[in-house]
Amino acid sequence: MTLVDKIKNLQEVNLLSKHEQIVHGVIDALQSGILKIGDQLPSINIMVSELGFARKTIVKAYEELKERGLIESKKLKGYFVISEETKVVLRVALILFSFQRFQEEFYNAFRKELGKKYQIDVFFHHNNRTIFSSIFQNIQGKYGMYVVAPIPDLSLRPLIELIPPAKLLIIDRYIKLDKSYSYISQEFEESTYSKLIELLPKIIKYKKFVLFFKNDADYPIGILKAFNRFCADYSITGAVVDKYKSGSIQKGNLYFFVSDTYLWDVLKDIRNSEFKVGKEIGILSHNDHVVKEIIFGGITTISTDFKEMAKQAASHIKLKKTTQLIMPSNLIKRSSL
């Protein structure tokens, strides 16, 4: 029995549309061993001739099979089988900065919300434009959905917009694309500024407010702008430093961390000192995590709810809707201030 025979047999199933007959026919052919990885599917012209279906019906079916990650199209060559995972509803490419704790939290919630019928392949660009471009070039056209934490660089916009709006969801960082694209992103400047104002009575207890911020890293520039505005508007003695030197903590300082890179180094030095967190040394951090609930009686954080972001992203994919959402930032007050 051939693939075409499988499809013709399904014409007797009245509940299936013509494009569904093709999709189920290919799945049946894969499950029965008629088709294997590497096999070429009949061309659209051959399928039109054999089945008598409209060309657009064949194209629609092949596109759905591509979205499920079962086949891929090769320019000027045709369509080829690339997977035998027939239970997969949709193949999703998830492109993240790196596997930091909060992004791990996002992934775990995203994986749980989508369930086993969705195949998720994860890629990391590490805020490197060359790596980002290479990933896009390698995966373009191979997935039914692309969930991307972008480098907020407008020079990458033409590359990103090669993906149709219905197949792209921007998460985490925001990048301005055509208004038809969906996003579930953070906003950093105004949200950070407003939370710092809320913390003002705590902040003024300290002699100096120190922000660790690396210009050559993936730190959101909005946080730096908010910090500088806040210090200027409220006459706070502030300083921006790009690295922490071991053993350099000073009594009376409040340290603000965008990344956890230096947070653990500072906390280690505090543990080895006689300073008390929340009294003689203040700690404020972006991006909450369960560890920050526990250590030193709890670290105060300004953070988006990444589990909620993941749930919203999964809902977007399942419902095939348009989503344009700026996630709120939460101030979680603990004893470190």
Side-chain angles (χ1 to χ4, degrees), residues 90-111 114 118 120-192 213-226 258-259 286-287 303-317 320-329:
L90 190 70
R91 194 175 182 215
V92 180
L94 176 61
I95 305 172
L96 300 173
F97 278 82
S98 59
F99 213 46
Q100 297 175 357
R101 283 183 175 85
F102 63 92
Q103 291 174 325
E104 180 181 1
E105 189 174 81
F106 174 93
Y107 170 78
N108 289 334
F110 186 61
R111 170 72 280 172
L114 282 182
Y118 292 79
I120 304 172
D121 293 341
V122 187
F123 305 87
F124 302 106
H125 59 70
H126 303 286
N127 203 47
N128 183 300
R129 283 178 290 183
T130 301
I131 295 174
F132 187 89
S133 299
S134 177
I135 290 171
F136 258 72
Q137 290 167 4
N138 289 332
I139 68 175
Q140 187 180 342
K142 295 182 179 180
Y143 291 84
M145 192 71 195
Y146 299 81
V147 180
V148 181
I151 299 173
D153 183 340
L154 287 178
S155 69
L156 294 171
R157 176 174 171 170
L159 177 65
I160 295 172
E161 289 186 341
L162 289 174
I163 300 174
K167 293 186 177 183
L168 177 65
L169 174 64
I170 296 295
I171 59 163
D172 193 6
R173 305 293 172 85
Y174 177 80
I175 185 170
K176 188 174 182 180
L177 302 177
D178 182 87
K179 62 183 180 181
S180 58
Y181 283 90
S182 291
Y183 57 83
I184 303 172
S185 302
Q186 299 185 70
E187 187 283 321
F188 294 97
E189 183 172 353
E190 295 304 324
S191 58
T192 302
F213 192 94
K214 296 177 69 174
N215 288 307
D216 59 349
D218 63 350
Y219 297 1
I221 192 67
I223 297 175
L224 177 62
K225 291 179 178 179
V258 179
S259 166
H286 251 274
N287 299 323
S303 180
T304 291
D305 186 336
F306 290 98
K307 289 183 180 179
E308 181 60 27
M309 182 185 287
K311 290 178 181 178
Q312 293 284 350
S315 175
H316 170 89
I317 292 171
K320 298 180 179 179
K321 58 183 181 178
T322 299
T323 307
Q324 296 181 335
L325 174 64
I326 296 296
M327 295 290 297
S329 290

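Below, all heavy atoms of this structure are taken into account, side chains as well, without hydrogens, waters or symmetry copies.
- By the side-chain hydrogen bond (donor to acceptor under 3.5 Å, both in side chains) test, His316 pairs with Thr323, sequence neighbours left out.
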Extract all donor-acceptor atom pairs below 3.5 Å that involve side chains of residues 165-175 and protein atoms in other chains or at least two apart in sequence.
{"from": "Asp172", "atom 1": "OD1", "to": "Gln186", "atom 2": "NE2", "distance (Å)": "2.5"}
{"from": "Arg173", "atom 1": "NH1", "to": "Asp218", "atom 2": "O", "distance (Å)": "2.6"}
{"from": "Arg173", "atom 1": "NH2", "to": "Asp218", "atom 2": "O", "distance (Å)": "3.0"}

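- Counting heavy atoms from C-beta on, the side chains of Tyr183 and Ile326 come closer than 4.5 Å.
- Of all heavy-atom pairs between Tyr143 and Val92, the closest is CD2-C, 3.6 Å.
- We find the CE-OG distance between Met327 and Ser185 to be 10.0 Å, quoted to the nearest 0.5 Å.
- Of all heavy-atom pairs between Tyr181 and Pro164, the closest is CE2-C, 4.0 Å.
- In this structure, Val148 and Phe132 have side chains that are in contact, with non-hydrogen atoms separated by less than 4.5 Å.
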Stepwise side-chain contact (heavy atoms from CB on, under 4.5 Å) test for Asp121 and Ile139: CA-CA 10 Å; Asp121 293 341; Ile139 68 175; over 6 Å; no

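- At least one side-chain heavy atom of Ile160 sits less than 4.5 Å from a side-chain heavy atom of Leu177.
- The heavy-atom pair separating Leu154 from Pro158 by the smallest distance is O-CD, 3.9 Å.
- Within the 4.5 Å cutoff, no side-chain heavy atoms of Pro150 are placed close to those of Leu156.
- Here the two rings, on His125 and Phe97, have centers that are under 6.0 Å apart.
- In this structure, Glu104 has no salt bridge (Lys or Arg N to Asp or Glu O under 4.0 Å) partners at least two apart in sequence or on a different chain.
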Could you give the side-chain donor-acceptor pairs of residues 308-315 under 3.5 Å, partners two or more places apart or in another chain?
{"from": "Glu308", "atom 1": "OE2", "to": "Gln312", "atom 2": "NE2", "distance (Å)": "3.0"}
{"from": "Ser315", "atom 1": "OG", "to": "Lys321", "atom 2": "NZ", "distance (Å)": "3.4"}

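- Rounding to the nearest 0.5 Å gives a distance of 13.0 Å between NZ of Lys225 and CZ of Phe188.
- Contact detail for Phe123 and Ala93: the closest heavy-atom pair is CE1-CB, 4.1 Å.
- Residue pairs meeting the salt bridge (Lys or Arg N to Asp or Glu O under 4.0 Å) criterion with at least one member in residues 141-156, sequence neighbours excluded, are Arg129-Asp153.
- At least one side-chain heavy atom of Leu224 sits under 4.5 Å from a side-chain heavy atom of Asn215.
- Side-chain contact check for Phe136 versus Leu162: every heavy-atom pair is 4.5 Å or farther apart.
- A search for salt bridge (Lys or Arg N to Asp or Glu O under 4.0 Å) contacts involving Glu187 returns nothing, not counting sequence neighbours.
- The OG1 atom of Thr130 lies 11.0 Å from the CD1 atom of Ile135; values are rounded to the nearest 0.5 Å.
- Using cut-offs of 30° and 60° on the angle between ring planes, the pair His126 and Phe124 is tilted.
- Between Leu159 atom CG and Ile151 atom CD1 the span is 10.0 Å, to the nearest 0.5 Å.
- Nearest heavy atoms, Leu94 versus Ile120: CB-CG2, 4.0 Å.
- Pairing each heavy atom of Thr192 with each of His286, the nearest pair is OG1-NE2, 3.4 Å.
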